[in-house]
Amino acid sequence: MTTERPAPPLTGGEREMLRTFLDFHRATLAMKCDGLSDEDLRRAASPPSTLSLLGLVRHMAEVERTWFRRVINAEDIPLRWSAEGDFQAAYDASSSTRAEAFAAWQEEVEHSRKIEEAAESLDVTGHQPRWGEDVSLRLVMLHMIHEYARHNGHADFIREAIDGVTGA
């Protein structure tokens with residue numbers, strides 16, 4: 001499997017740039033997982049940390065679900081992997097498979113895209129209960145880019161430890 005990654009525009013409107021940079025980072029995470037077995041994807045590459053590539057994919061599914069569906073769209077839905085609202089539960093990919101994790105992640109990304117595209121503007125707001133504050137779609141998109149970029153850095157190190165592959 002080879003993931004296609006969009007080239008972010010060098011000029012353009014704010015929304016187009018945010019949308020494309022977010023898709024760029026989503027694709028980067030998928031690229032880091034290309035060509036690996038379920039076992040490799042579950043491997044914790046930097047003990048004592050249990051962080052794995054599959055755990056990152058599951059975590060990002062939760063992050064997409066939370067920020068777009070629960071915050072911006074005000075959907076009253078639980079987390080995927082924790083009825084108690086424990087975001088850390090997604091990192092435990094010990095019994096997960098590529099098919100399960102990627103299906104969940106891709107489903108959440110599609111929901112996120114639809115919510116963003118349907119929003120009248122980047123000024124649309126939702127309530128972030130953990131902060132007790134309203135936040136704009138603009139902030140959510142910037143936060144998502146930051147979240148993916150940070151975790152893609154983790155994915156770089158994990159992938160290199162698994163099979164020596166670097167770059168993306």
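In what follows, every heavy atom counts, from backbone to side chain, and hydrogens, waters and symmetry copies are set aside.
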Does Asp92 offer a backbone N or O that forms a donor-acceptor pair with the side chain of Arg58 under 3.5 Å?
yes
Aromatic contact between Trp81 and Trp105, with the criterion being ring centroids under 6.0 Å apart: yes or no?
no
Is the closest side-chain donor-acceptor distance between His151 and His154 under 3.5 Å?
yes
Ion pair Glu110/Arg113, N-O distance below 4.0 Å:
yes
Got Gln128 and Val140 here, is their nearest side-chain heavy-atom distance under 4.5 Å?
no
Tell me whether the count of non-hydrogen atoms from other residues, nucleotides or ligands lying under 6.0 Å of CD in Glu117 goes above 12.
yes
Could you verify whether a donor N or O on one side chain and an acceptor N or O on the other, from Glu64 and Tyr148, lie under 3.5 Å apart?
yes
Got a sec, which residues hit salt bridge (charged side-chain N to carboxylate O under 4.0 Å, His left out) with Glu14, two or more places apart in sequence or on another chain?
Arg138
Any side-chain donor paired with an acceptor under 3.5 Å for Gln88 and Asp86?
no
Hydrogens and angles aside, do Ser96 and Arg42 bring a side-chain donor and acceptor to less than 3.5 Å of each other?
no
Identify the heavy atoms of Ser49 and Ala44 that sit nearest to each other, and give their distance.
O-CB, 3.5 Å
Within the distance-only criterion (no hydrogens, no angle test), does the side chain of Asn152 pair as donor or acceptor with the backbone N or O of His25 below 3.5 angstrom?
yes
Out of Met141, Lys114, Glu108, which residue meets the side-chain contact (heavy atoms from CB on, under 4.5 Å) rule with Phe68?
Met141
Backbone N or O of Leu79 within a donor-acceptor pair of the Arg65 side chain at under 3.5 Å?
no
Does Leu53 offer a backbone N or O that forms a donor-acceptor pair with the side chain of Arg159 under 3.5 Å?
no
